[in-house]
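Computed from heavy atoms alone, side chains included, the values below leave out hydrogens, waters and symmetry copies.
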Amino acid sequence: MKAEVTAGARGIDVRVTGEIDIANVDEFRALLWALPPAPAPLRVDLGGVGFLSAAGVRALVAVHLRIRARGGQLVICNPNAVVRRTLRATRVNRVIPIVGSPPVAEDVTPPWPAPVAINRAASLI
């Protein structure tokens, strides 16, 4: 895992690449916790992350709670389809805003199938 941090007037951007799993989740969490508290959003760009483990999800939730307690906001940006699926399966997408990812096939709700005509002339007797 590699991370690049950029701080500006609009907030702090963290661009992560590689995998976030049990082997490096402590490093990932420590990086996010070391950032200065600010009312501007902390944007974590997961566009370069190929795998996000449950430990990585827990780290994101812990950071989200810490930032929210300080009056800030964590925003997850650009997760690929695999990471997005992990965030949806763990329902993190209902707690932490996720932006900037193109819709994947499973995010698009297909229309219901056309109604099937019922032959009313058929007798049930």
Side-chain angles (χ1 to χ4, degrees):
M1 177 198 77
K2 292 183 182 179
E4 176 184 316
V5 178
T6 307
R10 293 184 14 222
I12 299 172
D13 294 307
V14 179
R15 181 176 302 229
V16 184
T17 57
E19 296 184 349
I20 302 172
D21 56 19
I22 194 69
N24 58 19
V25 72
D26 291 335
E27 177 186 348
F28 177 63
R29 185 183 308 109
L31 167 74
L32 296 178
W33 281 46
L35 297 173
L42 168 60
R43 290 177 294 278
V44 178
D45 186 340
L46 298 179
V49 174
F51 175 74
L52 178 68
S53 72
V57 171
R58 284 191 304 273
L60 286 170
V61 170
V63 169
H64 162 72
L65 293 172
R66 184 170 194 251
I67 290 172
R68 191 176 72 179
R70 295 177 172 193
Q73 181 183 28
L74 172 66
V75 179
I76 297 172
C77 304
N78 303 318
N80 66 27
V82 173
V83 172
R84 181 176 277 277
R85 194 169 22 254
T86 301
L87 295 170
R88 284 183 39 216
T90 56
R91 302 206 186 258
V92 169
N93 63 323
R94 295 182 180 217
V95 179
I96 303 172
I98 301 173
V99 298
S101 178
V104 293
E106 65 193 34
D107 289 337
V108 179
T109 306
W112 290 100
V116 177
I118 299 174
N119 186 355
R120 301 230 182 242
S123 172
L124 297 176
I125 302 177

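A donor-acceptor contact shorter than 3.5 Å is absent between the side chain of Asn80 and the backbone of Gly48. Asn24 places a side-chain N or O within donor-acceptor distance of the main-chain N or O of Glu19, the cut-off being under 3.5 Å.
Taking both residues in full, the closest heavy atoms of Val75 and Pro41 are given as CG2-CB, 4.4 Å, listed atom of the first, atom of the second, then distance. Nearest heavy-atom pair across Val16 and Met1 is CG1-CG, 3.7 Å. When all heavy atoms of Gly56 and Ile20 are compared, the closest pair comes out as CA-CG2, 3.8 Å.
Linking ILVMFWY side-chain heavy atoms closer than 4.5 Å, directly or via other members, places Leu46 and Val82 in two distinct hydrophobic clusters. Residue Val92 is not grouped with residue Phe51 when hydrophobic side chains (ILVMFWY) are merged at heavy-atom distances under 4.5 angstrom, including chains of intermediate members.
Side-chain atoms of Val61 and Thr90, non-hydrogen and from C-beta on, never get closer than 4.5 Å to each other. Side-chain contact between Asp13 and Asp45: absent, with no pair of heavy atoms (C-beta onward) separated by less than 4.5 Å. For the pair Phe28/Leu60, a side-chain contact is recorded, criterion being any heavy-atom separation below 4.5 Å from C-beta on. Counting only heavy atoms from C-beta outward, the side chains of Arg68 and Leu74 never approach each other to under 4.5 Å.
Taking CZ of Arg91 as the start and CD1 of Ile96 as the end, the distance is 15.0 Å to the nearest 0.5 Å. Taking CZ of Arg15 as the start and CZ of Arg43 as the end, the distance is 11.5 Å to the nearest 0.5 Å. Taken to the nearest 0.5 Å, the CD1 atom of Ile98 stands 4.5 Å off from the CG atom of Leu87. A distance of 6.0 Å separates CG of Leu52 from OG1 of Thr86, quoted to the nearest 0.5 Å.
With sequence neighbours excluded, the residues forming a side-chain contact (heavy atoms from CB on, under 4.5 Å) with Val5 are Ile12, Val14, Leu31, Leu35, listed by chain and number.
Summarising the local packing, CZ of Arg66 is surrounded by more than 12 heavy atoms from other residues, nucleotides or ligands at distances under 6.0 Å.
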